[in-house]
Amino acid sequence: MHSAVLLIEFGSILLGLGLLGRAAARFQLSPIPLYLLAGLAFGEGGLLPLGASEEFVAIGAEIGVILLLLMLGLEYTAGDLVTNLKSHYPSGLVDCALNAVPGAAAALLLGWGPVAAVVLAGVTWISSSGVIAKVLGDLGRVGNRETPVILSVLVLEDLAMAVYLPIVTALVAGAGLLAGSVTLAVALGAAGLVLFVAVRYGRVISRFVSSDDPEKLLLVVLGLTILVAGVAQQLQVSAAVGAFLVGIALSGEVAEGAHTLLSPLRDLFAAVFFVFFGLHTDPASIPPALLPALALALVTAATKIATGYWAARRAGISVRGRWRAGGALVARGEFSIVIAGLAVSAGIEPSLGPLATAYVLILVVLGPLTARYTEPLARRLSERWNARTDSSQTSRAGVSVGD
């Protein structure tokens, strides 16, 4: 009987997510806010709380995080990461300073303490690679000159996660200074070792994993990823970091084949992850968080636009391309929820989950709009300013001649 209820509940969840995804695609929106709302509707204090399938959904959510990070790792080779790190690290530093500081400051102003400040800094810092990649494709900007700048900022954020996530994991677990330092050292050592092995022996690893049979390739890549993620978590390093490093280590045809095979699984379990996060957020706690979330969203939307503008200017992109780069980086999504989820699971601050949910809901909707309209709006305001300046200069010239 219990298994029958589990199947009914989980089947209903998947069916509902499919219908929500279709609705989002029809209006050219990201489905993430709809998935979060679905979780709110069926979680604590929701319309119809789930019972039998909650534990199963929790496992699916963990797999979702692992697959999200694995797929991000598959997007880049170790060489690309090293090149980006050398060429664009100033943009990464500016990105961190402009977008992490508002989150940390907001947490401290709300009286949440230093651990919550570190968590909320990450929530406001990291853009959504998935949403941004989709928006760039939808707008036909993949070949634009500013697009490599946008991708470089995203790559640097992904790299930073390999350092940031172990720090957050240690902090929310209540580890002391020594334990936290050991965790960070292990994470950095593992990241450095994987990058070294990927650069020197990437072809050997890919040849070992490679298979002409899609079934065998899927099983080997997925099994290796979950195994490494589990070992990483056992060492008190984030499982997500382990998955990300596995993705980096694979390259060439293996990476392309794995990406194709795992994309549907990533979409499935990522949707489950967003639902799971919503399940653990009481809808009644969202309204009180809306005002601070909106204020934080507006501030960090502006700082992300400034980040993209600065990075594109540094790369010699035209003014119009600078505004497009800034507007494209606004969306937050999967990473922000992953980071907030660590704190929520550890019970760090009850209000952090609702604030993060509201914040992501606002920016995942606002992000595609800023990507589309930031540059035209900036151009129009610039033209008006220039027209006023010319008019003012003409008036002064007239007065001068009259005198």
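As the structure is a prediction and not an experimental result, all values here were calculated from the model.
- Defined by atom type and a distance below 3.5 Å, a donor-acceptor pair is missing between the side-chain atoms of T300 and N99.
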Verdict with supporting geometry, L17 and L268, side-chain contact (heavy atoms from CB on, under 4.5 Å): CA-CA 9 Å; L17 292 177; L268 167 63; over 6 Å; no
In sequence, state the C-alpha distance, the side-chain angles, and the governing distance for Y164 and I339, and then conclude on side-chain contact (heavy atoms from CB on, under 4.5 Å). CA-CA 10 Å; Y164 174 81; I339 295 165; 3.6 Å; yes
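- Here the rule is side chain to side chain contact (heavy atoms under 4.5 Å, CB included) with L329, and of L154, D95, I305, V149 only L154 fits it.
- Without hydrogens or angle criteria, R332 side chain to I362 main chain gives no donor-acceptor distance under 3.5 Å.
- For K304 and E157, the salt-bridge test passes: some basic side-chain N is under 4.0 Å from an acidic carboxylate O.
- Across all their heavy atoms, P31 and A24 have their closest contact at CA-CB, 3.8 Å.
- The number of heavy-atom neighbours closer than 6.0 Å to CG of D212, taken from other residues, nucleotides and ligands shown, is 12 or below.
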Y309 vs V319, test: side-chain contact (heavy atoms from CB on, under 4.5 Å). Steps then yes/no. CA-CA 8 Å; Y309 188 97; V319 173; 4.2 Å; yes
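- Put simply, the side chain of S336 never gets that close to the backbone of V360: no donor and acceptor are under 3.5 Å apart.
- Residue R379 qualifies as enclosed at atom CZ: its count of foreign heavy atoms under 6.0 Å is above 12.
- The only option from D267, L222, T225 that meets the side chain to side chain contact (heavy atoms under 4.5 Å, CB included) definition with L262 turns out to be L222.
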